[in-house]
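Residue numbers start from 1 in every chain, and the chains themselves are labelled A, B, ... in the order their sequence lines are given, proteins ahead of strands.
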Amino acid sequence: MTMDKSFDAKAAEARISAEWEAQGAFAAGANASRRETFTVMIPPPNVTGSLHIGHAFNNTLQDILVRWHRMRGFDTLWQPGQDHAGIATQMVVERRMAERQEPNRREIGREAFLEKVWAWKQESGDTIINQLKRLGASCDWSRNAFTMSGAPGAPAGEEGNFHDAVIRVFVELYDKGIIYRGKRLVNWDPHFETAISDLEVENREVPGHMWHFKYPLAGGETYEYVERDADGNVTLRETRDYISIATTRPETMLGDGAVAVHPGDARYAPIVGKLCEIPVGPKEHRRLIPIITDDYPDPDFGSGAVKITGAHDFNDYGVAMRNGIPLYALMDGKARMREDGLPYAESAEIATRAARGEDVGDVSNVNLVPDELRGLDRLEARKRVIEAITAEGLAVTRLHKEIDPETGAEHLERRPLVDQKPIMQPFGDRSGVVIEPMLTDQWFVDTARIVQPALDAVREGRTEILPEQHRKVYFNWLENIEPWTISRQLWWGHQIPVWYGLDLGIENFTDDEGDGALDEVELFRLLADGIVHTGERQHCAAHFDDVRKRFRDDIAGLPQPLEVSRIVEVADREAAIDMLAQSWADYNLSQDPTHLLYPVWRDPDVLDTWFSSGLWPIGTLGWPENTEELRKYFPTDVLVTGFDIIFFWVARMMMMQLAVVGDVPFRTVYVHGLVRDEKGAKMSKSKGNVIDPLVLIDDFGADALRMTLASMAAMGRDPKLGPRHVEGFRNFVTKIWNATRFAEMNGVRGGGPRPEPAHTVNRWIIGEVARIRIATDEALAAYRFNDAAAGLYAFVWGKVCDWYVEFAKPLFDGSHAGETRATMGWVLDQCYLMLHPIMPFVTEELWRLTGDRTKMLVHGDWPAYGAELIDAAADREINWVIALIEGVRSARAQMGVPAGAKLDLVVTEADVAARSALAANAPLIERLARVNAPVDGRAGKGMIAVAAQGASFALPIGEVIDVAAETARLQKALARSEKDAEGLRKRLGNPKFTENAEAEVIEETRDKLAALEDDIARLNAALAQLAAM
RNA sequence: GGGCGGUUAGCUCAGCUGGUAGAGCGCUUCGUUUACACCGAAGAUGUCGGGGGUUCGAAUCCCUCACCGCCCA
């Protein structure tokens, strides 16, 4: 059989993948020969995702670790899976429905829509899984998990426990009060009309404007406004009847609740506590707001006075909360100016009362958007507000000078002051639209209550974060953690297991007769004024039956006959009110209490996808069931991930696992960099510099891509990747392929035991194999993938191919042929074994081609030998031979000797060691240096000199040599050696060095110097001879 | 504004706990010698960002400045 000239990656990869899978090679525990487990949880890619270079990098590193452990006999589990990606998936499915001109989701309803999502998932949801398989990822695919598995409505094949785990955790944390519902300012995505967490917001600097407006003091009051420079000298003094406010968002002025200044700001001290007027809205209803003090305003920024719109800005929200300023919401879910709530006049009146300090209660119904602005987009509203204020003369203006180009006349004009300046604006990372801070009811995790164990675990080293610099990032975020908004106004996701019922207000119920029963009059009174405005009761449980029980307890205290009402589930609050009215009306007619219903409805929101992926380590192992896998593989060993999701995912998994099962989710977190393009730029679709890993696999093979990525995975650095790099490693694949091909042509077979050869060359290479095995294990154990890859590359190419294979060629004809075949077979086997974690396909193929194997290489036994295989004498001898060959080659090339010419090798001087090395390896030297058998002699005319440790040689290269050129060559070498030697002598001559340095270092330095001096002597001798001729 | 990282050969980057610079690509010259031209041989190129300090010795540790990048506010 003759092997092909190169590895056909495309054909082999598919075949080998199929074989691995058919054999269950990646199953948990496959090839296990010891008790220790090794578990890796894949960072679950989005179900909508397709493989990008970041995935390729991330999964290559995981696969290297996993294959390495599996080969070492660990009971290994690499758990794969996907997350359900709430927003992204809903977006994909909605877009597809629109493309097909189907009715939209609101038209078909929640249930039908979810069916479509599941259908989409079953059709296209495993794209990335198949792509990961192409990369060679050795996950236990039979265990592929999904964060929505087991959810109500999940089709066959999507059974699983993840839903149970998510709901169970929600209920537990709810019961402990760690999860709560509240009205708070959240990031609102007006495109998807949902809340998002602050991590899903991208702050970008965009060109913006800063307007300056005058808020007139109430009742025409005035004050002395004084500005001073740093030394306290007055630079401006004027009487003002207004306070100047700078804003980038004039439309929010409508919702202002106060103007705040810094308590230490002397300029405004005279007017603190007074009222001023918001310069917008109908004249007759102009609102007044108080001027308050707070630490938030920066006296040096703008005018130093800040308008406070608590419902539309996070900083303002804080000020409003601290100072009891009402929060007036101005926008709806689409970020348009509100149309609901009370009429403007009434709203303004309530707000004015509030400004005077009256308690006006809940202001969610107060709509301070003037009629003419209601329903407008926020930007249109902004335009109108600016126009109105400017028209009224309340914009701060500045004198503007213009010179008429024709007449040269100066023209002075006052113009509104508008600064052009970059502002930071929040964008939704999925939708790309400007995020609006919005006051809404949301569910939160009180992260402050579960953060401590996550901090302690890393501080105490129970979980190690590598590289270490990321610990700081982790601590910094967790130490300043904010409540986590976990509700999303979406349909695709785990629906919050909380039901609401109308609070029938037992305390407000008036029992006219005092008979404990409800008569018709009382009942209708309840219905008429109570229920629409009444509050709600809520219960949380994993199953509706449990919820039903609790509501039953709730209504048990109601007057009869209401307490026997049947509890039924309806869509929402409105449906509940309708049904309640209907059922009471029925009862009135029939007087049949079985017609009484108590409707409850479920919270429509779903949980943040990250809430479910936060449970990934336990959820994938079967929790809340106490499964064998959970007992065996948890806590997991390593999490390999990018730094971009330390907050999103790593920190949250730490908190959640510790909160739920009381243990860390993983012992080590290895954080890798972000793959960039060749120039170091972030890859992005808009820049068009995205590299598709599948294209690279098509072009160069998965092994080449993996080897490239591994070689770039220096800890803490971002790999910069271009096709050129991959090409280089494709060449490496070909190189080892051809070395094998050569071996095969010479009758070498693998699969044999480690030989104990006699020939120095064979003894030497076995020692080199041992060295690389030690180095590779050390590198992998320290997550230095680049060192492992570079080391193996240099070993295979630089040692095995460049030297060992070349040395072996003449040996195949001699008395050592047998042991050389055995040695080469064994050496190549070791190469396949050690390269397999990084380059699984080509090595598996070579393994198959080169021997009769009992197991596939994926289950090969990782070598364990060490330094005991290094033969120091063989090492010394072969290195001497290599140095000699290099010396001869270099001299030949520099002196222009034709490459094909075979020269005599004259030994002019040689010590015992050199002589024996020469004798033992003469055929190798002759062949590789292209010289004839060495003969003793003297240097003479037409010869060039070559020095080796303990020996000098002369090479006759022809009748006449260029003496000048040869002198120059030797002098150059001499100069280099002299320079090095000089440095070493200086160092050794320094008594402080010999006193302070380690003995080992001193010894090393002496040896180096001795070798250099030997060199120098030989070069000088050669130069002297040259001069004598 | 706070924090982190980077600045090493023409390019992209290694260089772990200080012992005096390496790889790949590219470049130059040569080469069809029984695996490989996706190859082989030889070669050139570096005040290791600037300045200061610690040390017998600094690309490596400390301080400082400059520029670039990232994260958070």
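In RNA chain B, consecutive stretches of 3 or more Watson-Crick or G-U wobble pairs with both distances under 3.5 Å are given as paired ranges: B:1-7 with B:66-72, B:10-13 with B:22-25, B:27-31 with B:39-43, B:49-53 with B:61-65.
With hydrogens and angles ignored, a donor-acceptor pair closer than 3.5 Å exists between the side chain of Glu806(A) and the base of rA35(B). Looking at Arg730(A), its side chain comes within 3.5 Å of the base of rC38(B) through a donor and an acceptor atom.
Between Phe732(A) and Trp797(A), the ring-plane angle classifies as parallel under the 30° and 60° cut-offs. Taking the six-membered ring where the residue is Trp, His470(A) and Phe643(A) present parallel rings, their angle staying beneath 30° rather than reaching 60°.
To the nearest whole angstrom, the two P atoms, one in rG69(B) and one in rG31(B), are 48 Å apart. Between rG18(B) and rG53(B), the two C1' atoms lie 15 Å apart (nearest whole Å). Here, rC36(B) and rG19(B) have their C1' atoms 40 Å apart, quoted to the whole Å. Using C1' as the reference atom, rG2(B) and rU60(B) are 28 Å apart when rounded to the nearest Å. Of the C1' atoms belonging to rA58(B) and rG15(B), the separation is 14 Å, rounded to the nearest Å. rC48(B) and rA23(B) have their C1' atoms separated by 16 Å, with the value rounded to a whole Å. For the P atoms, the distance from rC62(B) to rG10(B) is 28 Å, rounded to whole Å. rU32(B) sits 11 Å from rG40(B) when the C1' atoms are compared, rounded to a whole Å.
If you check rA42(B), rG31(B), rC70(B) against the side chain of Gln894(A), the one that comes closest is rA42(B). Distance from the side chain of Lys992(A) is smallest for rC56(B) among the nucleotides rC56(B), rA35(B), rG43(B). Each of rA35(B), rA42(B), rU33(B) was ranked by its minimum atom distance to the side chain of Arg930(A); first place goes to rU33(B).
A straight line from CZ of Arg969(A) to P of rA44(B) spans 12 Å, rounded to a whole angstrom. Summarising the geometry, the separation between CZ on Arg976(A) and C1' on rG43(B) is reported as 10 Å, rounded to the nearest angstrom. Following rounding to the nearest Å, Lys472(A) (NZ) and rC4(B) (C1') show an atom-to-atom distance of 8 Å. For the pair Ile885(A) CD1 and rA41(B) P, the computed distance is 11 Å after rounding to whole Å. Straight-line distance from the CG atom of Leu928(A) to the C1' atom of rA42(B): 15 Å, rounded to whole Å. At whole-Å resolution of the value, CD in Gln469(A) and P in rG5(B) are 6 Å apart. In this structure, CD of Glu479(A) is placed 14 Å from C1' of rC72(B), rounded to the nearest angstrom. A straight line from CG of Asn480(A) to P of rG1(B) spans 20 Å, rounded to a whole angstrom.
For the residue pair Thr820(A)/Asn762(A), the side-chain donor-acceptor check at 3.5 Å is satisfied. Donor-acceptor pairing under 3.5 Å is lacking for the side chains of Glu744(A) and Thr740(A). Judged purely by distance below 3.5 Å, without hydrogens or angles, the side chains of Trp737(A) and Asp4(A) never pair a donor atom with an acceptor atom.
Among the heavy atoms of the strands lying under 4.0 Å from Ala739(A) is at least one base atom, whether or not backbone atoms are also near. The residue Arg927(A) sits close to a base: some heavy atom pair falls under 4.0 Å. Here Lys972(A) lies in heavy-atom contact (under 4.0 Å) with sugar-phosphate atoms only. Residue contacts for Thr734(A): at a heavy-atom cut-off of 4.0 Å it reaches a base atom on one of the strands shown. Note on Arg1006(A): nothing from the nucleic acid sits closer than 4.0 angstrom, heavy atoms only.
OP1 and OP2 of rC39(B) both lie 4.0 Å or more from every side-chain N or O belonging to Lys5(A).
Residues that satisfy the salt bridge (charged side-chain N to carboxylate O under 4.0 Å, His left out) test with Glu926(A), not counting sequence neighbours, are absent from this structure.
Separating the OH atom in Tyr804(A) from the NZ atom in Lys799(A) is a distance of 14.5 Å, to the nearest 0.5 Å. Here the CG atom belonging to Leu928(A) is positioned 10.5 Å from the CG atom belonging to Asn921(A), to the nearest 0.5 angstrom.
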Once base and sugar-phosphate atoms are separated, protein heavy atoms under 4.0 Å mark nucleotides 14-27 of chain B, 5' to 3', with B, S and - as S-B--BB----S--

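Remark: side-chain polar atoms of Arg706(A) are paired, donor with acceptor, to backbone N or O of Ile838(A) under 3.5 angstrom. Put simply, the side chain of Asp703(A) gets close to the backbone of Phe841(A): a donor and an acceptor are under 3.5 Å apart.
The environment of Gln469(A) atom CD is dense: over 12 non-hydrogen atoms of other residues, nucleotides or ligands sit within 6.0 angstrom.
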Practice prompt. Could you check Phe729(A) against Phe700(A) for ring pair (Phe, Tyr, Trp, His ring centres under 6.0 Å), going step by step and ending with a plain yes or no?
Written response: CA-CA 8 Å; Phe729(A) 287 99; Phe700(A) 304 113; over 10 Å; no

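Positionally, the nearest nucleotide of RNA chain B for Trp803(A) lies more toward the 5' end than for the other of Phe643(A) and Trp803(A).
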